[in-house]
Structures are given as C-alpha cells and as structure tokens.
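Reckoned from all heavy atoms, side chains included, excluding hydrogens, waters and symmetry mates.
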Amino acid sequence: MYEKEELLQTDVDLIKKLAESLEKKDILTFNSLFRKLDEVGISSFKELWQFAASPSCNDEVAILLQLLLERVKSVNNKKIESFYSSSQVGCYIADKLCGRPQEELYGIYLDSKNKIIAEKLIFQGTVNRAVAHPRDIFRWAVIYNSTAFFVAHNHPSGDEQPSQHDLRFTKKLVEASKCMGIDFLDHFIVTDNTYLSFRETELL
C-alpha cells in the first residue's frame, strides 16, 4: 500500500499500477473488466468514482481509481465564456468540482458584457472547512479589472445547504461589493449531484 503522494509520477505509471492491481483480481482483459463493471453496476465515471469511495472497493484499487479519475478530470479544459443564467453556471461549477475531497473556493470574474475574464482558485481548505477573506476575492477583481463577479465553493459532504459561516461570508461580500463598486452576482454551493444558488433561493 502507498499514499497518494508516493510514486505514480506519470499517467503511464498510474495505468501500469492499476493494471497490476486488476491482474491480482484476475481481471486480465477488457472483456473481463467489462464483466466486472456490469457485475457491480458501473456504467459511468461518476458511478466508478462512487464505487471507489465505497467500502466494497479494495483500498489499493480505490486509490488508483481516484487518482486516475482526478487526472482525467483535469484534462477537461472546457470553460464557459459568458454568463447567461444561474443554472448554467451552477451546473458548470458542479461539474468542475465534482469529486474534490477538499473545499475549494473560486472567484469567477466578468466584464461589463458578462464575458468571463478569469476563474481564480481563491482558497483550498481542509476536508470540511474553507476559510477565506473578502479581500482575497476583491484583490483579483481589481487585478482583472472586472465589473462583476460571483463565487462558488463545493461541499464534499454532499449537503448543499449553506452553513452559518457561508451566510456570514456572503453577507460580508455583499457589503464589500457596495463599497468597491463591483457587482457581486451570486454565491454557489455545489456538490457532486446538485448546486445551490444564493440568488435563486433569495439568500442574496
């Protein structure tokens, strides 16, 4: 057994190690792999991630699968260029942060025509807590010369409901945006399955 940080410096290393681990389970061909996937009811990457996180999956295989899926996810460079609706952004952010084990807080900055100027990772927290200050958000708003922004963070717990900390942080952003003259459009909380928009739920 090994920790995530050890070994596997390249994608090829990871695939070789996963193949070796599957071989120990008598999964030697694609056909045997497909049979195993059918047996455990996996037909998507999302279901594969959920299986890797479950007690049913061997620890070594679980780590390798999660690493592989994280790397596959990082290849997706799709970005939205314009902000049209809360649902568009909510779904995009939920997809972007799906499966992240820690809370990550992003600022997404727009120009006067609602064009996305930049996405910035503001903070990466512990398993269940991210701590950031409004100045971290507005620093990048000024750098990017944006006229508006929204923020988004994930809840690895799967519960999209805002905590008291989330509510207080959002209130501070509202107050600071008035002073800075930069529109604060929305705050999204996302999970692997859904999202919550503060504006849609009238919390903003």
Side-chain angles (χ1 to χ4, degrees), residues 1-6 8 11 14 18 40-80 86-109 118-134 136-137 140 149-173 184-201 203-204:
M1 184 57 61
Y2 54 88
E3 296 297 330
K4 276 191 174 186
E5 306 82 45
E6 298 177 4
L8 309 177
D11 295 341
L14 174 55
L18 181 58
V40 295
I42 294 173
S43 60
S44 68
F45 282 132
K46 182 176 180 180
E47 289 171 346
L48 186 59
W49 179 275
Q50 291 171 339
F51 174 73
S54 75
S56 303
C57 188
N58 170 273
D59 289 346
E60 181 176 300
V61 173
I63 291 173
L64 292 166
L65 283 175
Q66 289 178 340
L67 278 169
L68 178 62
L69 290 172
E70 285 172 3
R71 293 189 187 185
V72 169
K73 188 73 174 178
S74 70
V75 173
N76 180 9
N77 294 318
K78 179 184 67 175
K79 293 185 177 182
I80 54 174
S86 294
S87 60
Q88 177 201 24
V89 179
C91 291
Y92 168 72
I93 295 295
D95 180 66
K96 182 183 182 71
L97 299 183
C98 176
R100 303 292 174 90
Q102 296 180 313
E103 282 197 17
E104 295 183 6
L105 173 68
Y106 277 82
I108 301 181
Y109 301 95
E119 300 173 21
K120 183 67 179 179
L121 175 61
I122 304 298
F123 191 85
Q124 185 176 59
T126 60
V127 172
N128 59 7
R129 180 80 182 269
V131 180
H133 192 279
D136 302 318
I137 305 289
W140 292 104
F149 72 96
F150 50 86
V151 297
H153 77 280
N154 60 317
H155 277 183
S157 66
D159 180 5
E160 77 275 16
Q161 294 303 309
S163 66
Q164 288 301 309
H165 176 268
D166 295 332
L167 294 170
R168 288 193 298 270
F169 182 66
T170 303
K171 184 178 179 180
K172 288 179 181 178
L173 288 177
F184 175 32
L185 300 177
D186 208 343
H187 182 174
F188 294 90
I189 297 175
V190 301
T191 70
D192 286 356
N193 301 309
T194 188
Y195 73 89
L196 178 142
S197 159
F198 274 59
R199 188 166 295 281
E200 286 181 356
T201 52
L203 292 173
L204 183 63

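- Atoms CG and CD1, on D186 and I108 in that order, are 10.5 Å from each other to the nearest 0.5 Å.
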Practice problem: For side-chain contact (heavy atoms from CB on, under 4.5 Å), just list the numbers for F198 and L185, CA-CA rounded to whole Å, side-chain angles, deciding distance to a tenth of an Å, and then say yes or no. | Solution: CA-CA 9 Å; F198 274 59; L185 300 177; over 6 Å; no

Practice problem: Evaluate the criterion side-chain contact (heavy atoms from CB on, under 4.5 Å) for residue pair D166 and H153; output intermediate values, then yes/no. | Solution: CA-CA 10 Å; D166 295 332; H153 77 280; 3.3 Å; yes

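- Every side chain to side chain contact (heavy atoms under 4.5 Å, CB included) that E200 has, sequence neighbours left out, goes to S86, Y195, S197.
- Shown here for A52 and A62, the closest heavy-atom pair between the two residues is O-CB, 3.2 Å.
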Exercise. Starting from the C-alpha separation in whole Å, work towards a yes-or-no answer on ring pair (Phe, Tyr, Trp, His ring centres under 6.0 Å) for F184 and F150.
Key: CA-CA 6 Å; F184 175 32; F150 50 86; 9.0 Å; no

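- Relative orientation of the H165 and F169 rings is parallel, given thresholds of 30° and 60° on the angle between their planes.
- Between T191 and T194, the closest side-chain pair of non-hydrogen atoms falls below 4.5 Å.
- Of the inter-residue distances, the one linking E160 atom CD with I189 atom CD1 reads 8.5 Å to the nearest 0.5 angstrom.
- Put simply, the residue from V151, N154, D136 that forms a side chain to side chain contact (heavy atoms under 4.5 Å, CB included) with L105 is V151.
- For the pair I122 and G107, the tightest heavy-atom approach, listed with the atom from each and the gap, is CG1-N, 3.6 Å.
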Exercise. Check step by step if side-chain contact (heavy atoms from CB on, under 4.5 Å) holds for Q124 and E103.
Key: CA-CA 6 Å; Q124 185 176 59; E103 282 197 17; over 6 Å; no

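- Within the model, atoms CG of L167 and NZ of K172 stand 12.5 Å from one another, a figure rounded to the nearest 0.5 Å.
- Looking at H155 and V190, their side chains never come closer than 4.5 Å, going by heavy atoms from C-beta outward.
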